[in-house]
Amino acid sequence: MIKAKPFDFPYDGKLVPEATALLVIDLQQDFLSTTGYFARQGYDPAPLRAILPTVSKLIAACRAAGIRIIHTRQGYRADLADMTPYEKWRRRRNGLEGTDVLLRSSPGFEIVPEIDVRASDIIVDKTCNSAFTYTDFEHVLRAQGITHLMFTGCTTDVCVHTTLREACDRNFQCLTIADACASGDTYAHEAALHMVTVENGLFGALTDSAAVIAGLAGLGAGTGSATA
């Protein structure tokens, strides 16, 4: 098991690699670069970049344990055909009209090179904050027999938390890794992490990367049980 609060993960002590995925949310150039969407909105991407070494360690530990890696990317079609009038209005209001920011055709849409993305990984492209909205994400999880999700990425208070909440509503077992998530707003980041644990774990459990790596260290790939 992985030590966490308010309860260890998984709740029943059965950590099965084949049924578990590490979710790496939106670690894209548009959010982490100094010229992308996040920076254009006045936020400092430094806290987001700071988690990259931690996420990379988790990816390596999960690969060694036989746990699947799932990346998400957020962005719209180049022709904006999937953007509603309200979303176009927000784009203009945010000073993005006429730019290629948050478009799937742009370099900013790509995952940053610091993150090791392999052919065996799953990539889910989305337009909304939640990875479940207008995507095949849930179908992929069900098809692969994945029932347990470990959350990393950005931003803690928006795309991570929105996906987390929807995953919990769909009865996936969820673990948020605090030091592998980040936001440009410290207060929102800390509040989002706190909300995971309210009502005795309403949105699953909360832990840190050291606990995950320690928990996985005793888990041989394909054994289907934890010894830690």
Taking every non-hydrogen atom, the tightest pair across Ala4 and Asp8: N-OD1, 3.0 Å
Lys/Arg-Asp/Glu bridge criterion (N-O < 4.0 Å) met for Arg142, Glu138: yes
Hydrophobic cluster (4.5 angstrom, side-chain heavy atoms) - remaining members for Leu80: Tyr76, Met83, Leu103
Solution key, residues 188-207 side-chain donor-acceptor pairs under 3.5 Å, sequence neighbours excluded:
residue: His189; atom: ND1; partner: Thr156; partner atom: OG1; Å: 2.7
residue: Thr197; atom: OG1; partner: His194; partner atom: O; Å: 2.9
residue: Thr207; atom: OG1; partner: Lys3; partner atom: O; Å: 2.6

Single-linkage hydrophobic cluster, 4.5 Å side-chain cutoff, Ile70 and Met150 together: no
Exercise: identify the closest heavy-atom pair between Ala131 and Thr163: N-OG1, 3.1 Å
Heavy-atom closest pair, residues Leu175 and Val212: CD2-CG2, 4.1 Å
Listed partners of Ser183 passing side-chain hydrogen bond (donor to acceptor under 3.5 Å, both in side chains), at least two apart: Asp157
For Asp26, all residues meeting salt bridge (Lys or Arg N to Asp or Glu O under 4.0 Å), sequence neighbours excluded: Lys126
Summary of ring pair (Phe, Tyr, Trp, His ring centres under 6.0 Å) pairs that have at least one residue in residues 102-149, sequence neighbours excluded: Phe9-His148, Phe132-Phe137
Heavy-atom neighbours of Arg170 CZ exceed 12 at 6.0 Å: yes
Step-by-step salt bridge (Lys or Arg N to Asp or Glu O under 4.0 Å) determination, Arg73 to Glu110: CA-CA 8 Å; Arg73 301 184 297 190; Glu110 300 306 322; 3.3 Å; yes
Inter-residue atom distance Ile146.CD1 - Ile122.CD1, 0.5 Å rounding: 5.0 Å
Enclosure of Lys5 NZ (heavy-atom neighbours >12, cutoff 6.0 Å): no
Residue list, side-chain hydrogen bond (donor to acceptor under 3.5 Å, both in side chains) with Thr147, at least two apart or on another chain: none
Test item: Thr133 and Thr162 side chains (from C-beta on) under 4.5 Å apart, heavy atoms: no
Non-neighbouring partners of Tyr43 that pass ring-ring contact (aromatic ring centres under 6.0 Å, His included), sequence neighbours left out: Phe38
side-chain hydrogen bond (donor to acceptor under 3.5 Å, both in side chains) partners of Asp136, counting only residues at least two apart: none
Residues forming a side-chain hydrogen bond (donor to acceptor under 3.5 Å, both in side chains) with Arg77, sequence neighbours excluded: Asp79
Would you mind writing out the side-chain donor-acceptor pairs for residues 44-54 within the sub-3.5 Å range, not counting sequence neighbours?
residue: Asp44; atom: OD1; partner: Ala46; partner atom: N; Å: 2.9
residue: Arg49; atom: NH2; partner: Glu114; partner atom: OE2; Å: 2.4

For Arg118, side-chain contact (heavy atoms from CB on, under 4.5 Å) partners two or more places apart: Arg63, Asp116, Ser120, Asp121
Test side-chain contact (heavy atoms from CB on, under 4.5 Å) applied to Ile213 - qualifying residues, sequence neighbours left out: Lys57, Leu58, Ala61
Any side-chain heavy-atom pair of Thr135 and Cys128 under 4.5 Å: no
Where Leu96 and Gln41 come nearest, the two heavy atoms and their spacing: CD2-NE2, 4.1 Å
Close side-chain approach of Val24 to Ile111, heavy-atom, < 4.5 Å: no
Between CG on residue Leu15 and CG on residue Asp12, distance to nearest 0.5 Å: 9.5 Å
